[in-house]
Amino acid sequence: MAGLIERFIDRMPFTMDDPIVSIEEGSTPLVPAPRLSDRVDADVFLKIEGSNPTGSFKDRGMTCAVTAAAREGAETVVCASTGNTAASAAAYAARAGMTCAVLVPEGKIAAGKLAQALIYGARVISLNGNFDVALQLVRDLADQHPISLVNSVNDFRLEGQKTGAFEIVDAIGPIDLMTIPVGNAGNITAYWKGYKEYNDSGVVDSVPELNGYQAAGAAPLVEGKPVANPETVASAIRIGNPARWEEAMAAITESRGAIRAVTDAEILDAYKWLPANEGVFCEPASAASVAGLLKFGVSDAARETADGRPKVVCILTGNGLKDPDTAFDNVGSVIPCEPEMDQLVKAVLG
Ligand code: AN7
């Protein structure tokens, strides 16, 4: 399967003559979730973005951001990151033969993401400060030096990430509701762009309602003001001042949707329920989209416009393997066993 620039070249700010940097991202599974569907009385599908090359949706944006950087002749890319952007930037820079530096909040990045950034060969800088401070610093750095900034303030990132909407519609037609975790608010902005683009060009004649979910301890868009010290178990969305604030709120309003908060306890409930009941393991931030759906349900408006049972898609933005520590903190322990049949029988049958 080709990468997403090639697959959607007519809707991209690129031509096939550009130096396309791809690791065959996109084309992720859209998996029906029968048990979740029963719980919310809707046909729910999970968009498994953890199946991208580096295990998160960031690869959709990064193929575009790094292709644009390559076209401009950039030699170095930089980003601030809660982890997934760092892993993705590091991989695509490696693929392009560029140098990559990533700025991550000290101690607040999941182990898998840190391992990825390092093994792909990035310079990993641990900042004594949170994501919002890191983003401001790299914005200033990129203004002063010939370095390409690949955070989602870079419009090319949105061009790539909008293809998630195309894939959903191509697979199951127009949907009634989409739920998505919101951190820096690039992804919800990009999905809305994608749905509108398909609608405006006549591919479909409706757009879905968007429901965005933030962690309660890091919910600036819900509170209507920046959060100085964001805190949540979902480290990927531990962000207090989203860069795409206005665009995200416009997407919510235009889609007649909502931006709401889910607590860490609700996030962790969904995080554990999903693998045990649907066989799908996502990272805590991603589970916010399921936690939100379970907490708030499907709106009356989405049910009314639906043709039969409403069609709902939850975006699962990152792979559960990214964050093994949170998994171990929330499950039982392994069962020790001597190589004897009696013990084994007890261990297996409980
Ligand atoms: C798994 O990697 O911001 O609202 O620096 O990793 O577009 O920010 C990650 C964000 C959701 C939120 N789910 O998306 C970063 C970073 C996962 C994420 C989000 C992120 P945006």
Side-chain angles (χ1 to χ4, degrees), residues 28 47-52 54-62 65 78-92 102-105 108-110 112-114 116-117 122 124 127 130-135 138 149-154 157-158 160-162 164 179-194 210 212-215 218-222 230 232-245 247-249 251-252 259 262 267 270-271 281-292 314-323 326:
T28 57
K47 183 69 170 157
I48 318 275
E49 289 294 281
S51 294
N52 274 296
T54 76
S56 87
F57 74 96
K58 302 288 181 179
D59 297 343
R60 290 185 189 275
M62 211 53 74
V78 68
C79 67
S81 179
T82 57
N84 280 325
T85 301
S88 186
Y92 282 79
V102 302
L103 202 50
V104 298
K108 300 290 185 179
I109 152 169
K113 303 173 189 179
L114 189 56
Q116 286 181 290
V124 179
L127 183 76
N130 65 26
F131 171 84
D132 303 290
V133 177
L135 182 59
V138 292
L149 181 64
V150 295
N151 279 106
S152 60
V153 295
N154 178 327
R157 283 275 308 276
L158 303 192
Q161 287 170 216
K162 75 182 180 187
T179 72
I180 185 168
V182 176
N184 213 23
N187 212 25
I188 192 169
T189 302
Y191 268 94
W192 185 237
K193 189 174 197 304
L210 302 191
Y213 292 105
Q214 300 204 286
L221 298 180
V222 180
T232 168
V233 67
S235 60
I237 50 172
R238 186 172 164 270
I239 294 174
N241 191 10
R244 294 280 181 180
W245 188 302
E247 292 100 319
M249 294 315 292
I252 295 291
I259 178 91
V262 283
I267 288 173
Y271 168 74
F281 181 28
C282 65
E283 65 172 281
S286 311
S289 56
V290 174
C314 301
I315 308 297
L316 300 186
T317 44
N319 196 304
L321 295 171
K322 294 267 190 178
D323 188 356
T326 302

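Quick note: residue numbers are just sequence positions, from 1. FYI, side chains are in, hydrogens and waters are out, and symmetry mates aren't considered; it's all heavy atoms of this structure. Start at 1 and go down the list; that is how both ligands and their atoms are numbered.
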> Please check: side-chain N/O of Gln214 versus main-chain N/O of Leu221, any donor-acceptor pairing under 3.5 Å?
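Looks like yes, one N/O pair under 3.5 Å.
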> Using only atom types and a distance under 3.5 Å, with no angle test, would you say the side chain of Thr232 pairs donor to acceptor with the backbone of Ala215?
no
> Among Asn319, Asn84, Thr317, exactly one meets side chain to side chain donor-acceptor pair (under 3.5 Å) together with Glu283. Which residue is that?
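Checked Asn319, Asn84, Thr317 against Glu283; only one passes side chain to side chain donor-acceptor pair (under 3.5 Å): Asn84.
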> If we ignore hydrogens and angles and just use 3.5 Å, is the side chain of Ser286 paired with the main-chain N or O of Leu316 as donor and acceptor?
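No, because the side chain of Ser286 does not come within donor-acceptor range (under 3.5 Å) of the backbone of Leu316.
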> Does the Asn52 side chain pair with the main chain of Asp59, one donor and one acceptor, at a distance under 3.5 Å?
no
> Salt bridge check: are Glu49 and Arg60 linked by an N-O gap of less than 4.0 Å?
yes
> Quick one: table the atom pairs, ligand 1 N or O against protein N or O, below 3.5 Å, distance rounded to 0.1 Å.
unit_1, atom_1, unit_2, atom_2, d
ligand 1, 2 (O), Ser81, OG, 3.1
ligand 1, 2 (O), Thr82, OG1, 3.4
ligand 1, 2 (O), Asn84, N, 3.2
ligand 1, 2 (O), Thr85, N, 2.8
ligand 1, 2 (O), Thr85, OG1, 2.9
ligand 1, 4 (O), Gly183, N, 2.8
ligand 1, 4 (O), Asn184, N, 3.3
ligand 1, 4 (O), Ala185, N, 2.8
ligand 1, 5 (O), Ser81, OG, 3.0
ligand 1, 5 (O), Thr82, N, 2.8
ligand 1, 5 (O), Thr82, OG1, 3.4
ligand 1, 5 (O), Thr85, OG1, 3.3
ligand 1, 6 (O), Asn84, ND2, 2.7
ligand 1, 7 (O), Gly186, N, 3.2
ligand 1, 7 (O), Asn187, N, 2.8
ligand 1, 8 (O), Asn184, N, 2.7
ligand 1, 13 (N), Thr317, OG1, 2.6

